[in-house]
Amino acid sequence: MTMTSAEMKALTHQYVMNTYGRFDVAIDHGEGSRLYDPEGREYIDLTSGIGVTDLGYGYQPWVDAITQQAKKLNHVSNLFYTEPSAKLAQILCQRTGMSSVFFANGGGEANEGIIKLARKYSFDKYGEGRATIITLNNSFHGRTITTLKATGQPRFHNHFFPFTEGFRYADANSMESLLSVAGDDVCAVMVELVQGEGGVLPLDPDYVKALRRLCDERDWLLLADEVQTGVGRTGKLFAFQNYDILPDAATFAKGIAGGLPMSGVMAAPKCRDVLGPGTHATTFGANPICSAAALVVQETINDKFLEEVNAKGAYLRQQIEALNLPCFGKTRGMGLMIGIEMAEGYSNSEVATRLIDAGLLVLTAGPGMRLLPPLVITKEEMDKAVAIMKATLS
């Protein structure tokens, strides 16, 4: 029988490592963009598992694809060939202009892979001594030892010494800052085109294009961390398409398989063969069930669907700003990746707790709020979310 909320929380506290600052909510099941606790209380979900469940909950084609693939083949080593991952790689390359794909499991692992790719590209061409990667202040790239160091926030550079070296940090949107930390030892620049954990901060388009030109001039790789921004979240399949550039390599994760663990690295033509046999691997990457789920995501997130994501994002931001709530400032973001500034004197964590208690699941990011609803969210669900904000925060 299904546990009660109290039983679920008690068992978690007894046996699960306390590494998350959990909200006081237990989730049992979901439908569309709504989640329910074991007692049947409804929550409008503006989090989608931190940008993962892009097709919401219970999407039947996704469920059917997983079921059919599980009956056929659940796992096989990457020492052999399988159909779902080959088809998925083809679709990703054709839709982005990339040339090859490596499949992994989570965002941190994907970013480890892109770091290895950049350093090997430089080593193959220039030898040792050219391995430094520049990342941006306020960035977030993962929780492995290496990706923590790649993250441009000092608070993450603690506890787990010694960290992997070879990273320097520059201010976002400042070429002057970036050039001040450049040198002959640099091999790449790694950016989130919209800084997610840092507060939903889109990079300036002119800065991104200047960065692309600089990397071309110096033969640095331009690396795009699209773990959170990819797979339709920003109104394009990948955020770099909003900036009209092609990075040399890009990572993806989060929504790629609609709720199953999957991630990867896409390489542009000049980097397609950098990682050869024996240089990189993972046991569960390209899992057939995850790949089958990801194929449904790709089939669903077509051009018309992406237009609707942009329209939904614009509508939700407009409705939130029209509330003129005392705790909220301006909104920002792309597509259905939305940040809300907090007015002076208000705590984002306290506001988030009040909204969650009222039946609206939200996230914090940096000093503000972050909304990452399922991409299939309806106007009715958005209107209900805004009504909860009005009733709770006015």
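Since this is a predicted model, take the numbers as computed values, not measurements.
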Enquirer: Which value, rounded to the nearest 0.5 Å, describes the distance between Gln298 atom CD and Leu237 atom CG?
Expert: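 Nearest 0.5 Å value for the CD-CG distance: 5.0 Å.
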Enquirer: Please name the pair of heavy atoms, one in Met389 and one in Leu371, separated by the smallest distance, quoted to 0.1 Å.
Expert: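 Result for this residue pair: CE-CD1, 4.2 Å.
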Enquirer: For residues Thr251 and Asn111, is any side-chain donor paired with an opposing acceptor at under 3.5 Å?
Expert: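 Judged by distance alone, the side chains do pair up.
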Enquirer: Say you draw a straight line from CZ of Arg317 to CE of Met334; how long is it, rounded to the nearest 0.5 Å?
Expert: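 Result: 10.0 Å between the selected atoms.
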Enquirer: Not counting sequence neighbours, list each pair that qualifies as a salt bridge (charged side-chain N to carboxylate O under 4.0 Å, His left out) and has a residue in residues 169-186.
Expert: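 Every salt bridge (charged side-chain N to carboxylate O under 4.0 Å, His left out) pair that includes a residue of residues 169-186, provided the two are not neighbours, is Arg168-Asp185.
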Enquirer: Could you walk me through whether Glu109 and Thr144 pass the side-chain hydrogen bond (donor to acceptor under 3.5 Å, both in side chains) check?
Expert: CA-CA 8 Å; Glu109 183 186 355; Thr144 68; over 6 Å; no
Enquirer: What heavy-atom pair brings Ala286 and Met262 nearest, and what distance separates the two atoms?
Expert: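 In this case the closest contact between Ala286 and Met262 is CA-CE, 4.2 Å.
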Enquirer: Would you kindly confirm whether Phe23 and Tyr43 end up in one hydrophobic cluster when ILVMFWY residues are joined by side chain heavy atoms under 4.5 Å apart?
Expert: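 As far as the 4.5 Å side-chain criterion goes, Tyr43 and Phe23 are connected within one cluster.
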Enquirer: Applying ring-ring contact (aromatic ring centres under 6.0 Å, His included) as the test, list every pair that has at least one member in residues 81-125; sequence neighbours left out.
Expert: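 Every ring-ring contact (aromatic ring centres under 6.0 Å, His included) pair that includes a residue of residues 81-125, provided the two are not neighbours, is Phe102-His280.
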Enquirer: Should the pair Arg370-Glu197 be classified as a salt bridge under the 4.0 Å nitrogen-to-oxygen rule?
Expert: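 Glu197 and Arg370: salt-bridged.
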Enquirer: Taking all heavy atoms of Thr82 and all of Pro288, pick out the closest pair and write down the distance.
Expert: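 Smallest heavy-atom distance, with atoms named: CG2-CG, 4.5 Å.
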Enquirer: Does a side-chain N-to-carboxylate-O contact under 4.0 Å join Asp54 and Lys254?
Expert: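 Here Asp54 does not pair with Lys254 in a salt bridge, since their nearest N and O are not under 4.0 Å apart.
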Enquirer: State which residues pass side chain to side chain donor-acceptor pair (under 3.5 Å) with Gln153; sequence neighbours excluded, sorted by chain then number.
Expert: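 Side chain to side chain donor-acceptor pair (under 3.5 Å) check on Gln153 returns Arg155.
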Enquirer: So which pairs with a foot in residues 294-319 pass ring-ring contact (aromatic ring centres under 6.0 Å, His included), sequence neighbours left out?
Expert: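 Sorted pair list comes back empty.
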Enquirer: Do you see a donor-acceptor pair shorter than 3.5 Å between the side chains of Thr234 and Asn242?
Expert: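 Checked: Thr234/Asn242 side chains pair up, N/O donor to acceptor below 3.5 Å.
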Enquirer: Yes or no on side-chain hydrogen bond (donor to acceptor under 3.5 Å, both in side chains) for Gln241 and Arg95, after CA distance, side-chain angles and deciding distance?
Expert: CA-CA 10 Å; Gln241 294 169 314; Arg95 295 188 71 181; over 6 Å; no
Enquirer: Taking all atoms of both residues into account, what is the closest heavy-atom pair of Ala249 and Leu117, and its distance?
Expert: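 Closest heavy-atom pair between Ala249 and Leu117: CB-CD2, 4.3 Å.
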Enquirer: Could you check Arg233 against Glu226 for salt bridge (charged side-chain N to carboxylate O under 4.0 Å, His left out), going step by step and ending with a plain yes or no?
Expert: CA-CA 10 Å; Arg233 176 57 53 186; Glu226 295 248 19; over 6 Å; no
Enquirer: Counting the benzene-type ring for Trp, do Tyr169 and His157 have ring centres under 6.0 Å apart?
Expert: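 Between His157 and Tyr169, which both carry aromatic rings, the centre distance is below 6.0 Å.
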Enquirer: Hey, is NZ on Lys87 packed in by over 12 heavy atoms from elsewhere, all under 6.0 Å?
Expert: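 Count not over threshold, so no.
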Enquirer: Taking the six-membered ring of Phe167 as reference, does the cationic atom of Arg119 (NZ for Lys, CZ for Arg) lie under 6.0 Å from its centre and within 45° of its axis?
Expert: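 Yes, Arg119 lies over the aromatic ring of Phe167.
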Enquirer: For Lys270, I'd like to know if atom NZ has over 12 heavy atoms of other residues, nucleotides or ligands within 6.0 Å.
Expert: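 More than 12 heavy atoms, drawn from other residues, nucleotides or ligands, come within 6.0 Å of this atom.
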Enquirer: Rounded to the nearest 0.5 Å, how far apart are CG of Leu246 and OG1 of Thr96?
Expert: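 If I round to the nearest 0.5 Å, the distance is 7.0 Å.
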Enquirer: Give me the other members of the hydrophobic cluster that Val227 sits in, counting Ile, Leu, Val, Met, Phe, Trp and Tyr linked by side-chain heavy atoms under 4.5 Å, directly or via other members.
Expert: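 Result for Val227 is none, singleton.
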Enquirer: Using a 3.5 Å cut-off and no angle test, enumerate the donor-acceptor pairs between side-chain atoms of residues 319-328 and protein atoms at least two apart in sequence or in another chain.
Expert:
| unit_1 | atom_1 | unit_2 | atom_2 | d |
| --- | --- | --- | --- | --- |
| Glu321 | OE2 | Thr331 | N | 2.9 |
| Glu321 | OE2 | Thr331 | OG1 | 2.7 |

Enquirer: Spell out, as yes or no, whether a donor-acceptor pair under 3.5 Å connects the side chain of Thr53 to the backbone of Gly56.
Expert: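 Side chain of Thr53 to backbone of Gly56, a donor-acceptor pair under 3.5 Å: no, none is there.
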Enquirer: Can we say Glu112 and Lys116 salt-bridge, meaning some charged N sits less than 4.0 Å from an Asp/Glu carboxylate O?
Expert: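 So Glu112 does not pair with Lys116 through a salt bridge.
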Enquirer: So does Glu344 have more than 12 non-hydrogen atoms from other groups sitting under 6.0 Å from CD?
Expert: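 No, CD of Glu344 has 12 or fewer neighbouring heavy atoms, counting only those of other groups under 6.0 Å.
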Enquirer: Can you hop from Met175 to Met190 via hydrophobic side chains spaced under 4.5 Å?
Expert: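 Different clusters.
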Enquirer: Roughly how far, to the nearest 0.5 Å, is CE of Met382 from NZ of Lys312?
Expert: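 Nearest 0.5 Å value for the NZ-CE distance: 6.5 Å.
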Enquirer: Residues sharing Phe160's hydrophobic cluster, by side-chain heavy-atom contacts under 4.5 Å among ILVMFWY, directly or via others?
Expert: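 Besides Phe160, the hydrophobic cluster comprises Phe140, Ile145, Leu148, Phe156, Phe161, Phe163, listed by chain and residue number.
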Enquirer: Would Ile66 and Leu260 count as a side-chain contact (heavy atoms from CB on, under 4.5 Å) if you check the C-alpha gap in whole Å, the side-chain angles of each, and the deciding distance to 0.1 Å?
Expert: CA-CA 10 Å; Ile66 291 170; Leu260 294 185; 3.8 Å; yes
Enquirer: Can you tell me if Glu39 and Ser5 form a side-chain donor-acceptor pair at under 3.5 Å?
Expert: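 Yes, Ser5 and Glu39 have a side-chain donor paired with an acceptor closer than 3.5 Å.
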Enquirer: Could you verify whether a donor N or O on one side chain and an acceptor N or O on the other, from Asp64 and Gln60, lie under 3.5 Å apart?
Expert: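 A donor-acceptor contact under 3.5 Å links the two side chains.
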Enquirer: Quick check on Asp24: does its CG atom have over 12 non-hydrogen neighbours (other residues, nucleotides or ligands) under 6.0 Å away?
Expert: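 Counting other residues, nucleotides and ligands, CG of Asp24 stays at 12 neighbours or fewer.
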Enquirer: One pair to check against side-chain hydrogen bond (donor to acceptor under 3.5 Å, both in side chains): Ser100 and Arg272. What are the steps and the verdict?
Expert: CA-CA 5 Å; Ser100 63; Arg272 65 162 285 121; 4.9 Å; no
Enquirer: Would a hydrophobic clustering, with Ile, Leu, Val, Met, Phe, Trp and Tyr connected at side-chain separations under 4.5 Å, put Val52 with Leu35?
Expert: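 Cluster IDs for Val52 and Leu35 differ.
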Enquirer: Side chains of residues 12-21: which donor-acceptor partners sit under 3.5 Å, not counting sequence neighbours?
Expert:
| unit_1 | atom_1 | unit_2 | atom_2 | d |
| --- | --- | --- | --- | --- |
| Thr12 | OG1 | Met8 | O | 2.8 |
| His13 | ND1 | Lys9 | O | 3.3 |

Enquirer: Is atom CZ of Arg143 surrounded by more than 12 heavy atoms (other residues, nucleotides or ligands) closer than 6.0 Å?
Expert: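 No.
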Enquirer: Would the distance check show the side chain of Asn348 and the main-chain N or O of Gly368 forming a donor-acceptor pair, the cut-off being under 3.5 Å?
Expert: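 A pair under 3.5 Å: yes.
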Enquirer: Decide salt bridge (charged side-chain N to carboxylate O under 4.0 Å, His left out) for Lys236 and Asp244; before the verdict, give the C-alpha distance in whole Å, the side-chain angles of both, and the deciding distance to 0.1 Å.
Expert: CA-CA 11 Å; Lys236 295 284 189 180; Asp244 196 26; over 6 Å; no
Enquirer: Can Ser291 and Ser85 be counted as having a side-chain donor-acceptor contact under 3.5 angstrom?
Expert: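 There is no such pair (donor and acceptor under 3.5 Å, judged by atom type) between the side chains of Ser291 and Ser85.
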Enquirer: How close do Gly51 and Leu372 get, counting heavy atoms only, and between which atoms?
Expert: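 Closest approach of Gly51 to Leu372: N-CD1, 3.8 Å.
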Enquirer: List the residues meeting salt bridge (charged side-chain N to carboxylate O under 4.0 Å, His left out) with Lys209, not counting sequence neighbours, and say none if there are none.
Expert: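 Counting only residues at least two positions away or on another chain, Lys209 forms no salt bridge (charged side-chain N to carboxylate O under 4.0 Å, His left out).
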Enquirer: Apply ring pair (Phe, Tyr, Trp, His ring centres under 6.0 Å) to Tyr57 and list each qualifying residue two or more places apart in sequence or on a separate chain.
Expert: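 Partners of Tyr57 by the ring pair (Phe, Tyr, Trp, His ring centres under 6.0 Å) criterion come out as none, since no residue qualifies.
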Enquirer: Going by atom type alone, with no hydrogens or angles, which donor-acceptor pairs under 3.5 Å involve a side-chain atom of residues 350-366 and a protein atom two or more places apart or on another chain?
Expert:
| unit_1 | atom_1 | unit_2 | atom_2 | d |
| --- | --- | --- | --- | --- |
| Thr353 | OG1 | Ser349 | O | 2.9 |
| Arg354 | NH2 | Thr392 | O | 2.6 |

Enquirer: Should we say atom CD of Glu380 is surrounded by more than 12 heavy atoms from elsewhere, each under 6.0 Å from it?
Expert: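 Incorrect, the count does not exceed 12.
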Enquirer: Gly258 and Val297: which non-hydrogen atoms are nearest, and at how many Å?
Expert: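 Shortest heavy-atom separation between Gly258 and Val297 comes out as N-CG2, 3.7 Å.
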Enquirer: Under the rule for salt bridge (charged side-chain N to carboxylate O under 4.0 Å, His left out), what residues qualify as partners of Glu42, not counting sequence neighbours?
Expert: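 Partners of Glu42 by the salt bridge (charged side-chain N to carboxylate O under 4.0 Å, His left out) criterion, ordered by chain and then number, come out as Arg34, Lys384.
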Enquirer: Are Asn173 and Asp204 close enough, and set up right, to give a side-chain hydrogen bond (donor to acceptor under 3.5 Å, both in side chains), and what steps lead you there?
Expert: CA-CA 6 Å; Asn173 299 320; Asp204 179 77; over 6 Å; no
